[in-house]
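None of these values were measured; they are calculated from a predicted model. Side chains are part of it too, since the values below use all heavy atoms of this structure and drop only hydrogens, waters and symmetry mates. If you read the sequence from its start, that first residue is 1, and numbering goes on from there.
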Amino acid sequence: MPFKQKIESDPINLFDIVHTIARNIRVIIILPIFLIFVTAIYVQFFVQHSYTSTSKIITSSGKPASAYAGLAAEFGVNIGNGSSSQNKLYPEMIKSKVIAKKMLSLKFYSNLEMKEQFLWEIIGPKNRYIFGMDIKKDEILIQKFISMISIKENFRTEILTISLSASDPVLAMNILSALIKEIDRNKKNNIRLKTIDTKNFIVERIKTTEDELIASEDSLKNFRIRNRQIQNSPYLQLKQERISREVMVLTSVFTNLKQQLENIKIEEMKESNYVLTIDEPTLPLYRSRPAKAKSVTIAGIIGLFLAVIISFIIEYFKNLSKDEQKYFKKILELLRII
C-alpha cells in the first residue's frame with residue numbers, strides 16, 4: 001500500500017516509521033553532522049569568546065562615620081549609621097554609572113590588541129571616538145560594562161560574589177581587581193566626605209558653644225560681683241544655681257565636642273579598608289561563553305529532529321500521484337516567481 005494511502009486510511013505503525021527512516025538514512029546522518037560541523041566552526045572562530053573571573057568580598061560598615069552618627073543625630077544631622085542594611089546597597093553601587101565611568105577611563109593591557117588601552121577602547125567601537133564626547137555612545141559603553149558584571153549576595157553572611165566577563169582571562173582578572181579597588185576607593189571617599197561634614201559641624205558647634213559658655217561664665221561672674229551676700233535671699237540663691245547649672249551644661253557639651261573633634265582628627269589619620277577581599281579575583285582557565293559542547297549538542301538534536309521531519313516529507317511526496325506532483329510543482333513555481 002502506498003505511503004500516502006496508509007496516511008489517509010490507517011495510522012502509521014512503528015514499522016512504517018522505521019522503514020521511512022531506513023530509506024532516508026543518508027539525510028538523517030548527513031544533516032545533523034552538517035549542522036554540528038557548522039555550529040562548531042561558528043562557535044570556534046566567529047563567536048567572541050568570554051572568560052569570567054570571580055571574587056568574594058565583604059564590606060565593612062564604615063567606622064569613621066558611624067562613630068559620630070549618634071552625636072550628629074542629637075543636633076539633627078544624619079550622616080548614616082553604618083548598619084548592615086547599608087551593605088545591601090553595595091550591589092547597586094557596584095553597578096552604578098559613577099563606578100562604570102571611572103572604570104572605563106582606566107587603562108588595561110589587552111592580549112588581543114597586544115598593547116595597553118583605555119577600557120572604553122577595548123570594549124567599545126574601533127572607529128574614531130573619544131569617551132565623554134558623545135553622550136549616546138558613552139551610555140552604550142556604560143551599559144555594556146555594567147552587563148559584564150554579575151553579583152550574587154549571601155544574605156546570611158553578607159558576602160558578595162562578583163563575577164566579571166571579558167574577552168581574555170588576564171584582562172577579566174585585572175578589570176575585576178581594579179573594580180574592587182575602585183569600590184573601596186569610592187567608599188573611602190564617601191566616608192571622608194561624611195567625616196568632613198561631621199568635623200565642620202562639630203567645629204561650628206564648638207565655636208557657638210564656646211561663645212555661649214563665655215557669656216554664661218561672664219553672667220555668673222557679674223552676678224557674684226553684684227550679689228556677694230545671698231545666704232539670706234532664696235531668690236538670689238535660686239538664680240545663682242540656674243546660672244551655674246547653665247555653665248555646667250555648656251561646659252559638658254563643650255568638653256564632649258572637643259573630645260569628638262580630637263577623635264575625628266585621629267580617625268582621619270587612619271587608613272581603613274572598607275572592602276575586605278575574601279577570595280582574590282581568579283584567573284579563568286576555561287572560557288565561560290560560548291559553551292561549545294552545549295551548542296554542538298543542541299545543534300545535533302535539532303539536526304536529527306529536522307532530518308526525521310524532512311524524511312517523512314520526502315516519503316510523502318514520493319507517494320503522490322503524477323497529477324498531485326504536477327499540482328505541487330505549479331505551486332512551487334508560482335511561489336518562486338512571487
Side-chain angles (χ1 to χ4, degrees), residues 42-43 45-57 59 62 65 78-80 85-153 160-197 200 273-275 277 281-282 284 287-290:
Y42 177 74
V43 169
F45 298 104
F46 295 97
V47 177
Q48 184 178 11
H49 295 177
S50 179
Y51 298 84
T52 301
S53 177
T54 60
S55 177
K56 290 184 179 180
I57 66 170
T59 59
N78 181 18
I79 63 170
S85 61
Q86 287 187 331
N87 293 337
K88 296 179 181 179
L89 298 177
Y90 268 86
E92 295 297 326
M93 185 187 78
I94 293 170
K95 288 193 170 187
S96 67
K97 293 183 178 180
V98 174
I99 297 291
K101 287 179 180 179
K102 180 62 179 179
M103 291 298 300
L104 289 169
S105 64
L106 298 180
K107 282 189 173 183
F108 297 92
Y109 182 82
S110 172
N111 288 329
L112 298 179
E113 299 291 336
M114 299 298 291
K115 61 180 179 179
E116 191 177 58
Q117 292 179 298
F118 290 107
L119 182 56
W120 64 264
E121 292 180 299
I122 297 173
I123 69 173
K126 303 305 178 184
N127 54 10
R128 292 185 178 180
Y129 159 74
I130 299 176
F131 186 71
M133 300 298 291
D134 190 324
I135 296 176
K136 186 176 180 181
K137 289 184 178 180
D138 290 351
E139 186 66 25
I140 292 173
L141 281 177
I142 289 170
Q143 294 303 323
K144 186 173 182 178
F145 173 75
I146 292 174
S147 68
M148 294 165 61
I149 306 169
S150 63
I151 303 171
K152 293 182 181 179
E153 182 176 5
L160 297 178
T161 301
I162 307 176
S163 300
L164 188 141
S165 300
S167 55
D168 75 74
V170 176
L171 181 63
M173 183 181 67
N174 291 339
I175 294 176
L176 183 55
S177 297
L179 176 62
I180 293 173
K181 290 179 182 178
E182 179 59 27
I183 296 166
D184 186 62
R185 190 201 65 79
N186 186 270
K187 181 65 176 178
K188 284 180 180 178
N189 187 56
N190 290 338
I191 294 296
R192 182 181 63 82
L193 293 176
K194 289 180 180 180
T195 304
I196 291 173
D197 290 341
N200 292 337
N273 290 325
Y274 299 101
V275 177
T277 304
T282 58
R287 65 169 178 254
S288 55
R289 289 191 303 268

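- Sorted by first and then second residue, the pairs that involve residues 138-152 and meet side-chain hydrogen bond (donor to acceptor under 3.5 Å, both in side chains), not counting sequence neighbours, are K97-E139, Y129-D138, E139-Q143.
- In this structure, CD1 in I122 is found 7.0 Å from OG in S167, a value given to the nearest 0.5 Å.
- Exactly one of L106, L141, L104, N174 qualifies for a side chain to side chain contact (heavy atoms under 4.5 Å, CB included) with L119. That residue is L104.
- Applying the salt bridge (Lys or Arg N to Asp or Glu O under 4.0 Å) test to pairs two or more places apart or on separate chains, none has a residue in residues 166-178.
- Here the side chains of K56 and L160 are not in contact, with every heavy-atom distance at 4.5 Å or above.
- Between the S288 side chain and the S50 main chain, a donor and an acceptor come within less than 3.5 Å of each other.
- Counting non-hydrogen atoms of neighbouring residues, nucleotides and ligands closer than 6.0 angstrom, the OH atom of Y42 reaches no more than 12 such neighbours.
- Every residue meeting the side chain to side chain contact (heavy atoms under 4.5 Å, CB included) condition with S105, not counting sequence neighbours, appears here in chain and number order: K102.
- By the side chain to side chain contact (heavy atoms under 4.5 Å, CB included) test, S55 pairs with I57, L176, I180, T277, P281, sequence neighbours left out.
- Take L193 and apply the side chain to side chain contact (heavy atoms under 4.5 Å, CB included) test, not counting sequence neighbours, and it matches N189.
- With sequence neighbours excluded, no residue forms a salt bridge (charged side-chain N to carboxylate O under 4.0 Å, His left out) with R192.
- Counting non-hydrogen atoms of neighbouring residues, nucleotides and ligands closer than 6.0 angstrom, the NZ atom of K95 exceeds 12 such neighbours.
- The aromatic rings of H49 and Y51 stand perpendicular to each other, their planes meeting at an angle above 60°, with 30° marking the opposite boundary.
- Annotation: salt bridge (Lys or Arg N to Asp or Glu O under 4.0 Å) contacts involving residues 169-182, sequence neighbours excluded, comprise E182-R185.
- Of all heavy-atom pairs between F108 and I175, the closest is CE2-CA, 3.8 Å.
- In this structure, the side chains of I99 and I94 stay at 4.5 Å or more apart for every pair of heavy atoms.
- Taking CG of D184 as the start and CG of L179 as the end, the distance is 11.5 Å to the nearest 0.5 Å.
- Shown here are the side chain to side chain contact (heavy atoms under 4.5 Å, CB included) partners of T54, two or more places apart in sequence or in another chain: T52, S163, T282.
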